[in-house]
Amino acid sequence: MTTTTNQARTTPLQLVALLLPLLIALILIVSGLYFWSNPISEITQENALLLTLAGLTILSISTYWLVQTRKRLLKILTAEPPKMTTTLQCNKCGVKNVRDFQRGDYIYKQTDEACPNDKEKMTISAIFHEIKDKPKETNYI
Amino acid sequence: MLLTIIQNMFAQGLLGDPASIIGWVIFIGFFLFSMFYGQRLQVILWMNDIQNHLFRLRIMRDEARKTAVNNVKDIGKLETDPTGQIDRFLEYFAISPVELDPSGVIWRLEHLLDVRDIRFKDDVKLMAPKADEAQINNMENMLEATLALHIIYKVIRHFYLLGKKTSSLYIVMQLQMILPQIMKEAEAYAHAQKAFQLGQPIGDGAGALVAAKLMQGHEKTKVEKDVVVAEVPIEGRNAFVLKAEGPGGNVGKPGEAIKQILEQNEGKISLAILVDAGLKLEGEKTGEIAEGIGVAIGGPEVDKYKVEESALKHKVPVNAIIIKEDVGDAVSPMRKEITDAIDGVIERIKRLINERTKTGDSIIIAGIGNTIGIGQ
């Protein structure tokens with residue numbers, strides 16, 4: 001298996017797709033601002049303003065797209081494993097103690113941790129992670 | 001000459017306003033472009049999307065490989081670099097048996113699966129000779145999750161390059177359409193790899209967890225390969241409760257164990273209940289419980305076949321209880337909803353026993369699934 005680095009190679013097409021909207025946006029903004037301060041008969045101040053607005057729109061869409069792409073990549077690179085919780089239970093009095101998962105924990109393992117009530121050794125009764133689902137707006141489907 | 005003619009046509013007003021002409025040219029040009037190059041443009045957009053996904057898959061594969069190497073180094077307390085051995089492991093393949101002559105295909109498949117299992121375990125033992133049995137099982141599962149990620153990456157890359165080479169709309173289109181599902185599966189494997197590394201229970205272990213809870217406080221005996229059985233009195237019946245031996249990552253051979261129990265009891269079993277994790281449909285809730293009939297055992301179907309054969313021979317009714325979860329949950333660390341469903345499943349088992357059997361009968365309760373992170 002060949003070892004690969006996690007750096008994406010940018011193809012010429014991607015480079016054009018990345019730079020072209022920025023270039024167009026820049027041209028539109030600069031020309032819009034120029035004609036706004038120096039209007040000519042064909043390009044009035046209103047038209048110049050429209051040009052600037054069009055440039056700004058293209059610029060914001062491109063920026064949003066770039067940020068989203070970067071976010072998606074960062075999400076993968078910095079993905080944290082789900083936080084696991086271990087529940088310990090006393091077999092005698094049934095008292096439960098919840099803590100973070102530790103390496104070596106498994107369900108029905110008798111731990112060295114003592115019950116706060118009767119000092120009995122506690123058993124791991126559950127290991128899980130909780131996902132807080134967003135409440136659904138509708139239950140019609 | 002041509003320019004003079006056009007100039008004259010404009011002068012006579014035959015072509016109308018020059019600005020509207022430009023508009024028409026742009027419109028017709030756009031129409032022609034979409035007619036001849038629209039499909040190609042669509043392929044380029046899809047290829048770009050696939051390339052982005054492929055890049056994410058490569059990151060996942062590389063991260064998983066790095067984790068596997070570090071884990072083997074840590075647990076095996078190695079001074080040498082196991083990267084070469086792991087890379088060799090990631091290129092393993094298994095050839096399925098001949099199906100042209102279906103007679104005995106199950107036994108041939110079982111043999112191949114056994115050989116594969118032994119080979120995997122031996123290789124892991126060679127990689128980390130100081131690891132104990134549970135750690136070896138966990139490491140084997142972890143490497144299998146890495147192998148799954150590696151295969152997903154390679155297959156997607158294959159079709160991506162094939163689509164690029166042939167510029168085939170249909171290859172690219174099919175690939176782009178199934179990518180969301182594949183990405184979901186790949187992300188689940190990436191999570192599973194971390195769970196296996198730490199020995200955390202996974203969603204697939206729901207059945208094993210039910211059996212483990214039932215057999216608490218009762219004597220367990222090891223029967224068929226990596227399966228433990230306990231005789232548990234439930235509602236006045238004698239229940240043979242079985243599961244794969246934990247807490248290492250293991251599915252055991254529940255089919256063979258059930259067959260053995262049936263034969264040892266000369267078929268005098270009134271009911272067999274198999275509990276497993278089942279795939280939920282979109283819209284259903286994780287942790288929902290459903291009942292049915294049949295053998296609830298997934299995988300390569302060798303165990304399912306054995307249970308069906310033995311149940312038919314001894315005329316034992318086979319019931320199934322499933323805990324619903326999606327494919328991602330099945331290989332990811334266990335969710336709270338699944339843990340919470342365990343008591344509900346036990347209630348259902350008791351109800352089934354009361355409805356379907358008489359006091360003093362013998363029954364089998366099998367908890368199916370990977371028992372990683374679940375003792376007994």
Side-chain angles (χ1 to χ4, degrees), chain A residues 1-11 13-18 42 65 68-87 89 91 98 100-111 123-133 136 138-141, chain B residues 44 47-48 51-52 54-63 65 83-84 86-88 90-91 134 150 153-154 187 190-191 193-195 197-201 203 205 208-209 212-213 215-217 246-248 283 285-286 329 332-340 342 371-376:
Chain A
M1 194 176 78
T2 51
T3 38
T4 48
T5 57
N6 288 336
Q7 284 181 340
R9 274 178 299 165
T10 314
T11 61
L13 191 73
Q14 280 177 321
L15 205 66
V16 170
L18 192 79
E42 289 84 0
W65 177 69
Q68 287 301 313
T69 312
R70 192 173 158 72
K71 254 189 189 173
R72 275 202 298 270
L73 279 177
L74 277 173
K75 202 178 151 190
I76 305 162
L77 289 168
T78 58
E80 283 283 314
K83 194 181 169 229
M84 298 296 283
T85 307
T86 298
T87 308
Q89 195 168 7
N91 293 332
V98 177
D100 286 348
F101 174 85
Q102 289 167 6
R103 202 176 187 140
D105 282 357
Y106 63 85
I107 301 174
Y108 297 119
K109 178 189 181 185
Q110 201 182 46
T111 62
T123 306
I124 295 175
S125 61
I127 298 171
F128 57 83
H129 79 104
E130 205 168 352
I131 297 174
K132 299 264 189 289
D133 280 334
K136 299 266 187 314
T138 174
N139 284 324
Y140 296 136
I141 50 166
Chain B
I44 290 169
M47 290 292 276
N48 204 32
Q51 197 185 28
N52 287 338
L54 198 58
F55 178 55
R56 288 166 64 189
L57 283 172
R58 198 178 76 185
I59 293 174
M60 282 186 216
R61 192 273 314 259
D62 289 351
E63 284 295 313
R65 181 173 163 271
T83 311
I86 288 171
D87 284 347
R88 210 165 49 237
L90 295 184
E91 293 296 335
H150 182 55
Y153 168 71
K154 281 206 306 184
E187 276 161 21
H191 280 144
Q193 205 238 11
K194 292 205 166 71
Q197 183 203 347
L198 298 166
Q200 294 168 338
L209 187 53
K213 191 158 188 174
M215 58 171 68
Q216 277 312 291
K285 282 181 186 159
T286 300
D329 295 329
S332 299
M334 193 177 275
R335 285 177 61 171
K336 190 174 185 293
E337 292 89 333
I338 299 168
T339 314
D340 291 344
I342 303 305
T371 191
I372 187 164
I374 305 166
Q376 51 270 329

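Here is how names work: the chains are called A, B, and so on, in the same order as the sequence lines, proteins then strands, and each is numbered from 1. Just so it is clear, the structure is predicted and the values come from calculations on it, not from any experiment.
- The part of B:I44 that comes within reach of chain A is its side chain, from C-beta onward, which places non-hydrogen atoms under 4.5 angstrom from that chain.
- Atom CD1 of A:I107 sits about 10.5 Å away from atom CD of B:Q200, to the nearest 0.5 Å.
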Next on the checklist: Test side chain to side chain contact (heavy atoms under 4.5 Å, CB included) on A:Y108 and B:L209; report intermediate values, then the result.
Outcome noted: CA-CA 10 Å; A:Y108 297 119; B:L209 187 53; 4.2 Å; yes
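- Using a 4.5 Å heavy-atom threshold, the side chains of A:H129 and B:R335 count as touching.
- The minimum heavy-atom distance linking A:R103 with B:Q197 is given by the pair NH2-O, 2.9 Å.
- In this structure, no portion of A:N91 lies under 4.5 Å from any heavy atom of chain B.
- Under the rule for a side chain to side chain contact (heavy atoms under 4.5 Å, CB included), the partners of A:S125 that lie at least two apart in sequence or sit in another chain are A:T87, A:Q89.
- The environment of B:K285 atom NZ is sparse: at most 12 non-hydrogen atoms of other residues, nucleotides or ligands sit within 6.0 angstrom.
- Minimum interatomic distance between A:Y106 and B:I374 (heavy atoms only, all atoms of both residues): CB-N, 4.4 Å.
- Here the closest heavy-atom approach between residue B:T339 and residue A:A126 is recorded as CG2-CB, 3.6 Å.
- A:M84 and B:P333 get closest at one heavy-atom pair: SD-CB, 3.4 Å.
- With a 4.5 angstrom heavy-atom cutoff, B:K213 touches chain A via backbone and side-chain atoms both.
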